[in-house]
Amino acid sequence: MSDLEEEYQLGYFTENGFTRKECVECGGAFWTRDEGRTTCGEPPCDTYSFIDNPGFDESYTVEEMREAFLSFFEEHGHDRIAPYPVAANRWRDDVLLTQASIYDFQPLVTSGETPPPANPLTISQPCIRMQDIDNVGKTGRHTMAFEMMAHHAFNTREDADDYAYEGEVYWKSKTVEHCDTLLGEMGADLEEVTYIEDPWVGGGNAGPAIEVIYRGLELATLVFMSMEQDPDGEYELKDGNRYSKMDTYVVDTGYGLERWTWMSQGTPTVYEAIYPEMIAFLKDNAGIEYTDEEEAIIHDAARLSGNLDIDDVDDVEAARGDIAAELGVDVERLRTLLEPLEDIYAIADHCRTLAYMLGDEIVPSNVGTGYLARMVLRRTKRLVDNVGVDAPLDELVDMQAKRLSYENRDTIRDVVRTEVERYRETLDRGSRRVEQLAEEYAQEGEPVPSSELVELYDSHGIQPDMVEEIATEHGADVAVPDDFYSLVAQRHNDETETDSESEAGRDSERYAELPATERLYYEDQSRMEFEAMVLEVFEHEDGYDVVLDQTMFYPEGGGQPADHGSISTDEETAEVLDVQQVGDVIVHHTDSNPGKGEFARGQVDANRRRRHMRHHTATHIVGHATRQVLGDHIRQAGAQKSTDSARLDVSHYESVSADELETIERVANEIVTENEAVDQEWVDRNEAEAEHGFDIYQGGIPEGEQIRLIHASEDTQACGGTHVSRTGEVGVIKLLGTERVQDGVVRLTFAAGEAAIEATQRTERLLSETADLFDVSHDEVPETAERFFREWKERGKRIEELKEELAAVRASGGGDGEEVDIEGTPAVIQRLDGDMDELRATANALVEDDSIAVLGSGASGAQFVVAVPDDCPVDAGHVVGELSQRVGGGGGGPADFAQGGGPDAEKVDDALDDAPEILKQALDA
RNA sequence: GGGCUCGUAGAUCAGUGGUAGAUCACUCCCUUGGCAUGGGAGAGGCCCCGGGUUCAAAUCCCGGCGAGUCCA
């Protein structure tokens with residue numbers, strides 16, 4: 001079946017007495033030393049045989065196993081690399097979380113554009129896979145968080161050049177040899193190990209791959225990434241697409257740290273092997289105890305469930321029935337025994353996931369990785385409450401963070417506490433809502449419909465089972481549909497398509513043939529004049545695009561706006577209105593044509609540029625100060641500079657208080673006052689990463705082997721912007737304000753240098769104008785404003801009172817109104833040019849005296865109020881309708897009190913003249 | 001980045017175009033020796049902001065701001 005069969009004819013196999021066989025159960029091809037073997041070794045063809053029968057000589061903890069693995073590969077010529085963050089979106093924008101060790105080197109290293117940090121290398125990379133979150137705890141082997149131990153080698157073909165690494169380090173046979181040797185050193189019985197042929201396809205790449213199985217457990221996958229999708233390729237693989245060989249070929253291996261540890265211990269589940277003390281703590285805390293007989297059932301069930309090929313939760317539920325049957329136990333009894341234990345396994349795993357996430361400084365939020373962290377945390381909290389563990393969640397997460405040796409454990413605990421509190425508020429809000437809803441439906445005797453459930457979940461974050469619980473207490477039925485989550489998904493399917501592509505594609509083609517523009521602005525960031533040759537000019541709808549051989553003009557990028565200025569030749573001076581970078585070419589957008597092939601002088605608008613430089617350096621300083629004041633989790637989430645101010649968005653889990661803002665401002669200005677050097681440095685990116693970590697990429701990830709670092713005081717950032725040469729040149733930094741731009745992200749707005757002075761002057765002018773208005777000193781403005789506001793409110797109330805009094809007087813004093821008799825009820829018809837409030841009050845007063853009130857006003861347009869005493873059969877709404885029609889409008893209201901009006905104020909009197917007639921009609925009607 | 005929900009008294013919320021409400025908390029009075037409590041009265045609102053529609057907007061529409069939530 002496999003088109004790649006010849007790819008597996010490895011020297012190591014033939015030299016070490018392996019034979020290729022086909023599994024009698026599944027038909028898959030595999031390699032083994034055991035001549036008599038007939039099955040491939042992988043469940044369901046075979047079953048776990050290491051439970052209570054560890055497959056290695058010694059028992060290892062995860063820490064010991066990690067160290068054993070890494071040092072083995074170090075001894076075999078690999079460099080040990082520190083793990084990358086689990087937040088993969090810090091260096092690539094196509095995924096959120098790190099799901100495999102190879103993610104660390106995609107896309108730039110695997111494509112050959114950037115050299116790997118070492119070659120070959122070994123690493124133990126923390127990974128998080130949310131896909132099988134529902135299986136965690138239930139199958140005995142699924143975990144959301146795990147470490148993928150790996151050895152990688154990056155190779156290029158002999159005839160290929162222009163890649164960041166050259167030649168072959170090692171390939172398939174050597175890879176298998178390393179794996180086999182490691183298993184041998186661990187004391188595995190090599191006769192029992194099988195190597196299954198299983199070509200790998202994913203993400204546009206493919207290649208032969210081998211699964212390494214021992215005693216039923218898949219211990220490693222050895223992937224030989226060497227092909228890319230190509231419609232004309234010579235290989236057709238299992239996804240139905242065609243592939244062809246690439247110039248680079250990469251050894252991508254994955255050894256599950258947790259599985260190796262499990263194999264070495266032979267415990268019933270993986271969880272008991274990797275964090276036994278936490279499992280013990282949780283069981284004890286939740287008060288879970290078993291009799292010997294129960295213990296035996298659980299033990300057997302765990303072993304059996306490991307043997308089943310379980311891939312989703314439905315299978316787990318079905319499998320439980322099979323297991324119960326095999327053990328001769330009632331399925332409900334088995335469920336009651338296992339469920340609390342499953343929750344505990346899941347809690348331990350989720351806490352470890354959170355420790356990785358928060359330890360790598362992900363801040364919970366409603367977007368991106370922050371949202372995933374929040375989901376995991378809330379899920380964990382539910383499990384903890386469900387199973388009756390009463391330890392605070394921050395303590396549980398800390399247990400795992402401690403084991404993983406994170407240094408920011410205080411912040412982690414703080415974040416967890418804040419999140420738990422936030423969740424509690426959401427639940428409070430939710431339960432109030434559900435209670436109310438439940439009572440409504442209970443009263444009508446109807447069940448809560450699934451549309452309400454979807455609404456509650458989607459808009460308010462309330463789980464259907466929680467609705468069920470609360471609603472039942474209030475006597476309302478709830479039927480949670482089986483396809484609940486697909487109903488929720490349906491609501492999101494109406495989303496609009498993405499908009500069309502830009503024209504950048506064509507542009508970049510046009511500029512591709514031009515040489516890279518030499519960037520003078522990096523050579524001397526304070527120079528503003530230069531000379532250059534005009535290489536090309538493209539005419540445009542609204543101007544010209546000019547390309548020079550070298551330029552001092554800074555193109556828009558990294559949140560710094562483009563420079564302005566002029567490009568002059570002897571004949572022509574062109575204003576530069578915008579500057580953009582297209583590939584390696586810098587394009588100046590101008591208002592006139594300097595002439596292709598001309599020798600030109602460039603002049604950068606120095607004032608504008610200097611303001612940008614101050615704001616750019618100030619941004620680094622403020623970021624650094626914020627990190628010092630608020631904590632190490634502070635990370636840039638976006639930034640924009642202008643001539644007048646700059647803004648910096650940072651990740652933070654609560655809003656910034658006024659006190660904190662002042663402290664940040666003080667710390668930032670201390671850095672300015674210390675007048676330290678701001679240096680730029682071009683360095684090898686791998687060296688930079690090794691020395692400073694990923695925190696240098698807060699403003700985005702630049703391409704290329706060399707990157708530019710900016711050192712401002714103790715802060716180091718990869719940055720392409722222009723900077724002042726000493727922090728003192730920033731002058732002064734004035735923080736203008738802070739706002740929460742989204743959950744988990746806070747925006748700081750500030751101004752530097754003369755812009756700071758201007759900003760201060762602006763606020764002071766506002767204060768002065770306000771003070772002048774009140775005719776008081778600056779100090780007295782707040783209390784004066786407060787007094788004015790209070791008095792304004794008091795006066796409003798007094799006016800209301802007076803209007804009512806006036807209305808009473810008008811109603812009783814007869815006034816100049818006409819009074820007619822409608823079947824024994826007196827009706828007062830009166831013009832009264834006041835506002836609606838006055839009309840209403842007067843009408844009310846008249847009704848108190850058992851009169852019908854028909855009042856009209858011409859104060860702003862025409863307005864009418866008609867009020868009728870309780871027992872009078874006149875319909876006020878009808879009367880108002882008739883009156884309003886006569887002034888070109890309309891009106892209505894309840895039968896005893898109606899309002900209306902229209903635009904024709906001059907017809908108020910005419911309308912009122914008709915009032916007696918209308919009243920009589922209304923009575924007849 | 002997108003979808004949805006919500007902004008009304010100090011708190012929790014009613015109010016679907018026609019005179020801004022309830023409960024708790026608050027103040028005062030009464031009941032009691034005191035407390036829990038019970039009875040009565042009162043105070044407290046830029047109905048988030050800005051436009052629009054309308055005779056009339058807390059209410060409908062548009063735009064902001066703020067809060068929440070689901071998804072990628």
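Keep in mind the model is a prediction, meaning the values are calculated, not measured. Naming convention: chains lettered A, B, ... in sequence-line order (proteins, then strands); numbering from 1 in each chain.
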Notebook entry, point to check: Can a salt bridge be assigned to the pair A:R424 and A:E421 using a cut-off of 4.0 Å between side-chain N and carboxylate O?
Noted result: yes

Notebook entry, point to check: Can A:D910 and A:R886 be counted as an ion pair, charged N to O under 4.0 angstrom?
Noted result: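 No, this pair does not count.
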
Assigned partner base of [N], Watson-Crick or wobble definition, under 3.5 Å:
N	value
B:rA57	none
B:rA41	B:rU27
B:rG68	B:rC4
B:rC47	none
B:rA22	B:rU12
B:rG17	none
B:rU32	none

What's the [atom1]-[atom2] distance between [X] and [N], to the nearest Å?
X	N	atom1	atom2	value
A:N366	B:rA72	CG	P	14 Å
A:K793	B:rC47	NZ	P	10 Å
A:R432	B:rU5	CZ	P	20 Å
A:E419	B:rU69	CD	P	8 Å
A:L437	B:rA14	CG	P	11 Å
A:R747	B:rC65	CZ	P	10 Å
A:M836	B:rA20	CE	C1'	16 Å
A:H460	B:rC13	NE2	P	11 Å

NA contact type, [X], heavy-atom cut-off 4.0 Å: base, sugar-phosphate, or nothing?
X	answer
A:K797	sugar-phosphate
A:V367	base
A:R886	nothing
A:N844	base
A:Q863	nothing
A:M375	sugar-phosphate
A:G368	base
A:E425	nothing
A:G901	base
A:G861	nothing

Taking all non-hydrogen atoms of both residues into account, name the closest pair between [X] and [Y] and its distance.
X	Y	answer
A:I829	A:A915	CD1-CB, 3.7 Å
A:A862	A:V908	CB-CG2, 3.5 Å
A:R90	A:R635	NH2-NH1, 3.3 Å

Rounded [atom1] spacing from [N] to [M] in Å:
N	M	atom1	result
B:rG42	B:rC47	P	23 Å
B:rA58	B:rC65	P	23 Å
B:rA67	B:rC48	C1'	11 Å
B:rG45	B:rU37	C1'	31 Å
B:rG15	B:rG7	P	9 Å
B:rA9	B:rG68	C1'	22 Å
B:rU59	B:rG50	P	12 Å
B:rA57	B:rG52	P	12 Å

Below 4.0 Å: OP1/OP2 of [N] and any side-chain N or O of [X]:
X	N	value
A:R433	B:rU5	no
A:Q436	B:rU12	no
A:R374	B:rU69	yes
A:T426	B:rU69	yes

Next item on the list: On RNA chain B, check which nucleotide each of A:F789 and A:R378 is closest to and give me the residue with the more 5' one.
Entry: A:F789

Notebook entry, point to check: Closer to the 5' end of RNA chain B via nearest nucleotide, is it A:D837 or A:E739?
Noted result: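 The residue mapped nearer the 5' terminus is A:D837.
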
Checklist line | is_close_aromatic(A:W91, A:Y697), centroid dist under 6.0 Å | finding: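 So the answer is no for these two rings.
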
Notebook entry, point to check: Is the A:Y84-A:Y103 ring centre distance short of 6.0 angstrom?
Noted result: no

Checklist line | Minimum-distance nucleotide to A:S459 side chain [options: B:rC70, B:rG68, B:rU19] | finding: B:rG68

Margin query: Of the listed nucleotides (B:rG66, B:rU19, B:rG68), which one gets closest to any side-chain atom of A:F897?
Written below: B:rU19

Margin query: Determine whether the aromatic ring of A:F864 stacks with the base of B:rC55, defined as ring centroids separated by less than 5.5 Å and ring planes inclined by less than 30°.
Written below: no

Notebook entry, point to check: Any luck finding a side-chain donor-acceptor pair between A:R382 and A:Y423 under 3.5 Å?
Noted result: yes

Margin query: Tell me whether the side-chain N or O atoms of A:D458 pair up with the base of B:rU69 as donor and acceptor below 3.5 Å, since no angle test is needed here.
Written below: no

Margin query: Tell me whether A:T738 contacts the main-chain N or O of A:L748 through its side chain, where contact means a donor paired with an acceptor under 3.5 Å.
Written below: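 No: the side chain of A:T738 does not pair with the backbone of A:L748.
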
